[in-house]
Amino acid sequence: SKMRGGDIVGIADQFGMQLFGELDYIREANNCERFGELYGEWENVMVPDVCTPLTRKKVLVMEWVNGEKGPWPGDDGIKMVRIGLKCSVDQLMTTG
């Protein structure tokens with residue numbers, strides 16, 4: 001087996017195939033809506049709406065949000081990391 005031999009590339013490929021093979025955008029849409037309920041009112045957090053009538057198992061349709069794609073340089077980047085960490089810690093410690 002490639003897994004026992006320590007074939008890191010093979011292991012990563014297998015992990016990727018498992019991950020993308022099991023991706024369900026209907027479940028992801030539900031997760032997005034829950035994230036919006038929890039964090040959508042936080043300062044500097046914008047959660048796009050999900051278009052559930054058009055979302056399918058392999059297609060996720062969301063509201064378009066104008067903005068600047070990261071990475072963000074300097075203080076803006078640090079601010080974004082802080083917001084992300086705050087959401088992550090809250091999920092781990094409070095909301096699950």
Side-chain angles (χ1 to χ4, degrees):
S1 162
K2 287 185 177 185
M3 301 305 163
R4 288 194 178 165
D7 179 8
I8 298 299
V9 174
I11 292 169
D13 285 345
Q14 186 65 32
F15 176 77
M17 287 190 303
Q18 289 287 100
L19 178 67
F20 290 109
E22 296 176 5
L23 197 54
D24 179 346
Y25 284 121
I26 294 172
R27 185 179 318 137
E28 190 61 26
N30 292 333
N31 292 338
C32 291
E33 289 175 336
R34 174 84 172 126
F35 187 88
E37 291 168 5
L38 294 171
Y39 305 107
E41 299 298 319
W42 282 22
E43 184 178 355
N44 297 314
V45 174
M46 198 295 178
V47 182
D49 289 330
V50 175
C51 184
T52 49
L54 298 177
T55 295
R56 300 290 182 268
K57 186 172 179 149
K58 297 201 181 243
V59 177
L60 175 60
V61 180
M62 299 180 75
E63 169 189 18
W64 178 265
V65 176
N66 288 322
E68 186 178 322
K69 182 180 178 185
W72 301 272
D75 290 340
D76 287 342
I78 292 169
K79 183 177 178 181
M80 293 302 293
V81 169
R82 284 186 178 142
I83 293 168
L85 285 173
K86 185 177 174 184
C87 289
S88 295
V89 168
D90 188 72
Q91 288 176 39
L92 289 170
M93 304 301 284
T94 307
T95 61

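All heavy atoms count here, side chains included; hydrogens, waters and symmetry mates do not.
Counting non-hydrogen atoms of neighbouring residues, nucleotides and ligands closer than 6.0 angstrom, the CD atom of E41 reaches no more than 12 such neighbours.
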- [ ] Show your working on side chain to side chain contact (heavy atoms under 4.5 Å, CB included) between R27 and N31 and close with a plain yes or no.
- [x] CA-CA 6 Å; R27 185 179 318 137; N31 292 338; 4.2 Å; yes
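Chaining together hydrophobic side chains whose heavy atoms lie under 4.5 Å apart leaves I78 on its own. In this structure, V81 belongs to a hydrophobic cluster whose other members, linked by side-chain heavy atoms under 4.5 Å apart, are L85.
Taking CG from L38 and OG1 from T94, the interatomic distance works out to 9.5 Å, rounded to the nearest 0.5 Å. Separating the CZ atom in R56 from the OH atom in Y25 is a distance of 15.0 Å, to the nearest 0.5 Å. With values rounded to the nearest 0.5 angstrom, I26 atom CD1 is found 7.5 Å from K57 atom NZ.
Both I83 and F35 are assigned to one and the same hydrophobic cluster, defined by single-linkage of ILVMFWY side chains at heavy-atom distances under 4.5 Å.
Proximity of a side-chain donor or acceptor of T55 to a complementary backbone N or O of V61 within less than 3.5 Å is detected.
Under the rule for a side-chain hydrogen bond (donor to acceptor under 3.5 Å, both in side chains), S88 has no partner lying at least two apart in sequence or in another chain. For the side chain to side chain contact (heavy atoms under 4.5 Å, CB included) test, residues two or more places apart in sequence or in another chain that qualify with V89 are M93. The side chain to side chain contact (heavy atoms under 4.5 Å, CB included) check on M62 picks up C32, P48, V50, L60, with sequence neighbours excluded.
For the ring-ring contact (aromatic ring centres under 6.0 Å, His included) condition, the pairs that include at least one residue of residues 42-93, sequence neighbours left out, are Y39-W42. Residue pairs that meet the side-chain hydrogen bond (donor to acceptor under 3.5 Å, both in side chains) test with at least one member in residues 73-84, sequence neighbours left out, do not exist here.
Of all heavy-atom pairs spanning T95 and R34, the tightest one is O-NH2, 4.3 Å. Taking all atoms of both residues into account, the shortest heavy-atom contact from E33 to T52 is OE2-CG2, 3.2 Å.
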